[in-house]
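This report concerns only the one structure given below.
Computed over heavy atoms, backbone and side chain alike; hydrogens, waters and symmetry mates excluded.
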Amino acid sequence: MKFLIASDIHGSRFYAERVAQRFAEEEADKLVLLGDIYNHGPRNPLPEGYDPMGVAKILNGLVDRLLVIKGNCDSDVDTMISDFEFVSEAVLVDAGKQVYLQHGDRYSIDHLPKNCGDAFIYGHYHTGFIQRKGRVLVANCGSVSLPKDGTAHSYIVMEGGELVLKDIGGEVIAREKI
């Protein structure tokens, strides 16, 4: 199974459209969103094409292929415009490897979940990377709409036990086997 994993859309219809386009072009089976879907949050500027209802329309059209993790900027009222559930965390198995997913507001590379398995993927910090911490492969998919620290608008593709960090245009930034 092929997963496209993205985070921190923050209400940008422009970048939600780009994620949906990349999802189709990558021919992924499941779109995993690691939170902060609609709201930009008080510390962030308004992203390009800020339109939370437009984002909801795009994502609701993909409901059968979505897994959405709740972020710190996601609220209960967001569920009222969503045809999908927000979950606090999830575990996927890819090529026999256990991959733990969370927004990143509770866990990070500096504070891994106790039972994160073979890999841990999160968002929240808006900086994409893939690196090892001991036996665990840790990745941050970055932010598709509001990247920080000079990092790219990015997402991760997970397939066959490999993580590939790509910019929003589909160019490979980093890759590593779990």
Side-chain angles (χ1 to χ4, degrees), residues 3-23 26 28 30-52 54-56 58-59 62 66-75 78 82 84 86-90 92 99-113 116 119-133 136-158 163-176 178:
F3 301 89
L4 189 147
I5 305 168
S7 188
D8 297 277
I9 296 171
H10 286 291
S12 171
R13 181 184 179 120
F14 177 82
Y15 284 104
E17 288 171 346
R18 297 292 303 270
V19 167
Q21 177 186 7
R22 296 303 314 147
F23 180 63
E26 293 278 2
K30 185 72 90 173
L31 176 58
V32 179
L33 298 175
L34 299 180
D36 290 357
I37 306 303
Y38 301 126
N39 299 305
H40 70 284
R43 296 175 296 174
N44 297 314
L46 285 174
E48 182 175 353
Y50 187 69
D51 176 8
V55 173
I58 292 165
L59 297 181
L62 297 168
L66 275 179
L67 170 61
V68 180
I69 308 294
K70 186 175 183 177
N72 62 302
C73 290
D74 297 319
S75 67
D78 293 339
S82 304
F84 49 87
F86 288 78
V87 298
S88 62
E89 55 199 38
L92 298 175
V99 181
Y100 188 95
L101 306 165
Q102 202 266 329
H103 175 62
D105 54 326
R106 290 193 341 244
Y107 302 113
S108 70
I109 192 166
D110 297 319
H111 178 65
L112 293 176
C116 64
F120 172 53
I121 305 174
Y122 65 107
H124 185 61
Y125 291 92
H126 299 215
T127 55
F129 68 84
I130 300 173
Q131 69 181 69
R132 284 215 177 269
K133 183 165 185 185
V136 178
L137 185 60
V138 180
N140 188 301
C141 56
S143 171
V144 293
S145 68
L146 296 168
K148 294 182 178 175
D149 297 333
T151 59
H153 299 264
S154 60
Y155 64 94
I156 286 175
V157 171
M158 180 172 75
L163 300 182
V164 182
L165 178 67
K166 295 184 175 187
D167 71 19
I168 200 68
E171 296 297 318
V172 174
I173 298 169
R175 69 178 345 129
E176 191 162 344
I178 298 173

Atom of [X], atom of [Y] and distance for their closest heavy-atom approach:
X    : Y    : answer
V55  : R13  : CG2-N, 3.6 Å
I156 : L163 : CG2-CD2, 4.2 Å
I69  : S88  : CG2-O, 3.5 Å
V144 : A6   : CG1-CB, 3.9 Å
A152 : D167 : CB-CB, 3.9 Å
I58  : A20  : CG2-CB, 4.0 Å

Inset, instruction - Determine the interplanar angle of the Y107 and H111 rings, folded into 0 to 90°, and report it as parallel if under 30°, tilted if 30 to 60°, perpendicular if over 60°. - result: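 The rings of Y107 and H111 lie parallel, inter-plane angle below 30°.
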Legend entry - E176/R132 salt bridge by N-O under 4.0 Å criterion: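 Yes, charged N to carboxylate O under 4.0 Å.
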Please check if the side chain of [X] supplies one atom and the backbone of [Y] the other of a donor-acceptor pair under 3.5 Å.
X    : Y    : result
S154 : C141 : yes
D74  : D36  : yes
T151 : H126 : yes
Q102 : G104 : yes
S7   : L34  : yes
T127 : K148 : no
K166 : Y155 : no
S82  : D78  : yes

Legend entry - Any residue meeting ring pair (Phe, Tyr, Trp, His ring centres under 6.0 Å) with F23, in chain and number order, not counting sequence neighbours: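 Checked F23 against ring pair (Phe, Tyr, Trp, His ring centres under 6.0 Å); zero matches.
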Legend entry - Sequence-distant partners of Y15, ring pair (Phe, Tyr, Trp, His ring centres under 6.0 Å), two or more places apart: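 Only H153 meet the ring pair (Phe, Tyr, Trp, His ring centres under 6.0 Å) criterion with Y15.
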Inset, instruction - Evaluate side-chain hydrogen bond (donor to acceptor under 3.5 Å, both in side chains) for N72 paired with H124, printing each intermediate quantity in order. - result: CA-CA 8 Å; N72 62 302; H124 185 61; 3.2 Å; yes
Mind checking the [atom1]-[atom2] spacing from [X] to [Y]? Nearest 0.5 Å is all I need.
X    : Y    : atom1 : atom2 : answer
K70  : S75  : NZ    : OG    : 7.0 Å
S12  : Y50  : OG    : OH    : 10.5 Å
F3   : K30  : CZ    : NZ    : 7.5 Å
M158 : L137 : CE    : CG    : 11.0 Å
C73  : Y38  : SG    : OH    : 14.0 Å
R43  : L146 : CZ    : CG    : 12.0 Å

Does [X] reach the side chain of [Y], with side-chain heavy atoms less than 4.5 Å apart?
X    : Y    : value
Y125 : D8   : no
N140 : I121 : no
P45  : H40  : no
L165 : R175 : no
F129 : I109 : yes
F120 : P113 : yes
H10  : N44  : yes

Inset, instruction - Establish, from distance only, whether the side-chain atoms of D105 and H103 form a donor-acceptor pair under 3.5 Å. - result: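 Their side chains do not contain a donor-acceptor pair, so the 3.5 Å distance test is not met.
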Inset, instruction - Show your reasoning for whether side-chain contact (heavy atoms from CB on, under 4.5 Å) applies to V68 and V87. - result: CA-CA 6 Å; V68 180; V87 298; over 6 Å; no
Legend entry - Derivation of the side-chain contact (heavy atoms from CB on, under 4.5 Å) call for I37 and F86: CA-CA 10 Å; I37 306 303; F86 288 78; 3.8 Å; yes
Legend entry - Residues L33, L67; criterion side-chain contact (heavy atoms from CB on, under 4.5 Å); working and verdict: CA-CA 6 Å; L33 298 175; L67 170 61; over 6 Å; no
